[in-house]
4 protein chains.
Amino acid sequence: MSEDELLLEQLFDEEKFTDKQKKIIVAAIESFSEKGYAATSTNEIAKKAGVAEGTIFRHYKTKKELLVSIIAPLMTKLIGPVIVNDFHKVLDHPYENAEDFLRATIENRRVLIKKLLPVIKIMIQEIPFQPELKQQFLDQIAKKVFDRILIVIKGFQDKGQLIEMPPASMARLAVTSIFGYLFSRYIFFPESEWDDELETERTIQFILHGIAK
Amino acid sequence: MSEDELLLEQLFDEEKFTDKQKKIIVAAIESFSEKGYAATSTNEIAKKAGVAEGTIFRHYKTKKELLVSIIAPLMTKLIGPVIVNDFHKVLDHPYENAEDFLRATIENRRVLIKKLLPVIKIMIQEIPFQPELKQQFLDQIAKKVFDRILIVIKGFQDKGQLIEMPPASMARLAVTSIFGYLFSRYIFFPESEWDDELETERTIQFILHGIAK
Amino acid sequence: MSEDELLLEQLFDEEKFTDKQKKIIVAAIESFSEKGYAATSTNEIAKKAGVAEGTIFRHYKTKKELLVSIIAPLMTKLIGPVIVNDFHKVLDHPYENAEDFLRATIENRRVLIKKLLPVIKIMIQEIPFQPELKQQFLDQIAKKVFDRILIVIKGFQDKGQLIEMPPASMARLAVTSIFGYLFSRYIFFPESEWDDELETERTIQFILHGIAK
Amino acid sequence: MSEDELLLEQLFDEEKFTDKQKKIIVAAIESFSEKGYAATSTNEIAKKAGVAEGTIFRHYKTKKELLVSIIAPLMTKLIGPVIVNDFHKVLDHPYENAEDFLRATIENRRVLIKKLLPVIKIMIQEIPFQPELKQQFLDQIAKKVFDRILIVIKGFQDKGQLIEMPPASMARLAVTSIFGYLFSRYIFFPESEWDDELETERTIQFILHGIAK
DNA sequence: CATGAATGAGGATTCATTCAT
DNA sequence: AATGAATGAATCCTCATTCAT
């Protein structure tokens, strides 16, 4: 529970929730991420949360609203680091090189993904089926984040650190490599032994220099 | 319908299906990939297929069996190219270089993914929740394919074409780059304009040489 | 049950219903008329009909559709006699006097109301709350019937049998007297002893001559 | 609100209610008469009244008690005029004729019905389903009022103003004519244009002399 | 007095599955 | 083999009512 509480704090710092509401959210996250949204019954969530089924519907008008109000704040949480930190880093330290930037970015994301794992699983599963979430995702995450990344890439290209290539293509290549690593690490094979520092380093070197000798 | 028929032929060449059964499969694939397995009702599939609901259960004991018998053959289909073609290519033409191999691999996969798109979507969505599929996937795809890839990588490393790195790590980096491209192309942003040849080339160069100048 | 069957035949001559569907209709009419639509649960109807709750929803998409498909055909049934019979009577037998016309009309209605009593109760209760029914009632019954009545009244006025008074007002007075009688007889005080022939006669004389000496 | 307040004053002169309680009653009357008792939720009433749901149950043990305590006093209000005024009128002014009596009675009722319209609607809807209300209605209104009416009718018959007819039948005919008018006027077609004085007069003449020439 | 969160029984409706035809 | 009516458990959700604050 203490771990869940941490997750909650991470997700909802400022907002005030009643005790029961917190339990509902924790239970919903657990069930949704284990069985999927559609396959989870509100009755099941209620039991796991130790509340009456009606209580869920006092706080969330529908089951879908419960889902959305779990996922939506996550969107904001996930862009935060990109927009605020990274952007400034690059502008404030013009001497900084692409390698350090990548390292910071991956680590940043790694910690976040690790903490928000179950919620991210839900997000991945449900965004394709929930137009509301999809729209939010495209507007808030995809677009905003992508725009920042393009700026950063152009910055490093201008400094001569990166090769010439349309920034959009480069962004795709770098981003999928990073998320390829993070998803392999935390979602596909979380039970394997991982030397995070080493794999992070390999991923960075791969992004920068590829695998050819 | 001709496109669906092609998909079916692709998926189930040898097997003999009644006309109704084919319609059921096509309808199920469409619904499952659009709304998800759990959110699709058998009644809906029956209507879309133009058969009675009972007919579905004459061919498949349960709804889950319908899902599995759609996804399972896909597994075999997807490894085929890796195991049969690629493996032989490398062994038969020892002079071939890694770049050509990558190019063939990506193209191979690209055509397949394009054709099997809806089924692949279902696979991605449902494998996490269906232990039966998960096991099949791990045993048939992940393991077998990974083993082959490791061999191929070692082969190129031995030929001095690739840098020294644990083949497993290298496999992860290359594979996620390839699938990062293919998923971006066909699943995340299928509606964007894509110059496939160019992006394939960029992906290959990225895997080989990275983005650093 | 035989009485219910008669009611059903009366209500739905030509249409074909399955056995279970008939039972559902009979049970619904009984419950709706006894406790009101909103206070009747589908579970209760199912039990009374001896079918599974799901069976109700196989035949009627919603509870409201069940209500409407019970009440709607009644509307047609109730106007039939007015439009077809009465209208022709007056036109075909120009010598006929208002008294005989009234007698036939009341008797006609009396037999119908007696037979359709429970359904009429439902109609009275639910029309105010179901816009769909209300509209149908206004369009089909109220307007059509009223138009015919006006014609009949004008006919008798022209023949000098009725006093001068706006036909609409006269229609209201006559109609409410007739329904006042029928409702007193069958809805408000059905358990009292009624000498129907005598009371019909009194009602007719009242409509024609009032109560003043 | 001033109109509602008037209604309240009309309904509950002497009793003392808290401000919130008045709001609850007003809200309940509005909702009950618009959607019916069974289809109105206490939550809805609470919102409309601007009070907490619990507050309703502080004043009324159950939802049904709320209904009854709205309808019950109405019963007394509605008989009042009959028993007190009319009765005395006839006894005190033996020379008065039936026509004037009818006129006074209708007008009396007309004003009352107009003011109490929403509550009367509720009464009509719910009496058939609430045995408690039904009993009260039969004992207090139907019986008492009917007894008075019989006396009045006999009085006028003795004075030779009315024809010979069992007073009960005559009561039914006159009463349904009056209420037929009032209900047409205020409940069935309130939105039509009505010349009240004229229609009242027509109704009186109809009751006295009928429609025959 | 008043609140409103909490309850859990009960509501309408959906669903996968069965089975007589 | 195919049907589609029938099932009843399960689903999401609503509601009157309670009770700690």
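In the text below, chain A, chain B and the rest are named by the order of the sequence lines, each starting its count at 1.
Distance, C/Glu44 CD to E/dG10 C1': 12 Å, rounded to whole Å. Rounded to a whole Å, the NE2 atom of C/His59 is 16 Å from the P atom of E/dT13. In this structure, B/Tyr60 places its OH atom 14 Å from C1' of F/dA1, rounding to the nearest Å. If you take CG of A/Asp19 and P of E/dG4, they are 20 Å apart, rounded to a whole angstrom. D/Lys35 has its NZ atom 12 Å from the C1' atom of F/dT14, to the nearest Å. For D/Lys22 and E/dC1, the NZ to C1' distance is 16 Å, given to the nearest whole Å. The distance between atom NZ of D/Lys47 and atom P of E/dT3, rounded to the nearest whole Å, is 15 Å. Put simply, CD1 on B/Ile45 is 8 Å from P on E/dA16, counting in whole angstrom units.
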| message | The test is side chain to side chain contact (heavy atoms under 4.5 Å, CB included); show your working for D/Ile25 and D/Tyr60 and say whether it passes. | response | CA-CA 11 Å; D/Ile25 293 173; D/Tyr60 306 93; 3.5 Å; yes

| field | Where protein sits on nucleotides 15-21 of chain F, one letter per nucleotide: B base, S sugar-phosphate only, - none, heavy atoms under 4.0 Å | value | SBBB---

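If you check F/dC12 for Watson-Crick or wobble pairing at under 3.5 angstrom, you find it paired to E/dG11. E/dA6 is paired with F/dT17 under the criterion used here, namely a Watson-Crick or G-U wobble arrangement in which both key atom distances are under 3.5 Å.
Just one residue in the list B/Asp19, B/Thr18, B/Thr55 forms a side chain to side chain contact (heavy atoms under 4.5 Å, CB included) with B/Ile24, and that residue is B/Thr55.
B/Val68 and B/Gln136 make their closest contact through CG1-NE2, 4.4 Å (heavy atoms, listed as atom of the first residue, atom of the second, distance). The two atoms that bring D/Glu34 and D/Lys48 nearest to each other are OE1-NZ, 4.1 Å, heavy atoms only.
With rounding to the nearest 0.5 Å, the separation of CD1 in A/Ile70 from CE in A/Met123 is 13.5 Å.
Counting heavy atoms from C-beta outward, C/Tyr37 and C/Lys64 have side chains that approach closer than 4.5 Å.
With respect to A/Lys35 and A/Glu44, a salt bridge is recorded, a charged nitrogen being found less than 4.0 Å from a carboxylate O.
Distances from the side chain of D/Lys20 to the nucleotides E/dA6, F/dG4, E/dA2 place E/dA2 closest.
Of the two residues contacting DNA chain E, namely D/Ile56 and A/Ile56, the nearest-nucleotide position lying further toward the 5' end is that of D/Ile56.
For D/Thr55 and E/dT3, the shortest distance from a side-chain N or O to OP1 or OP2 is below 4.0 Å.
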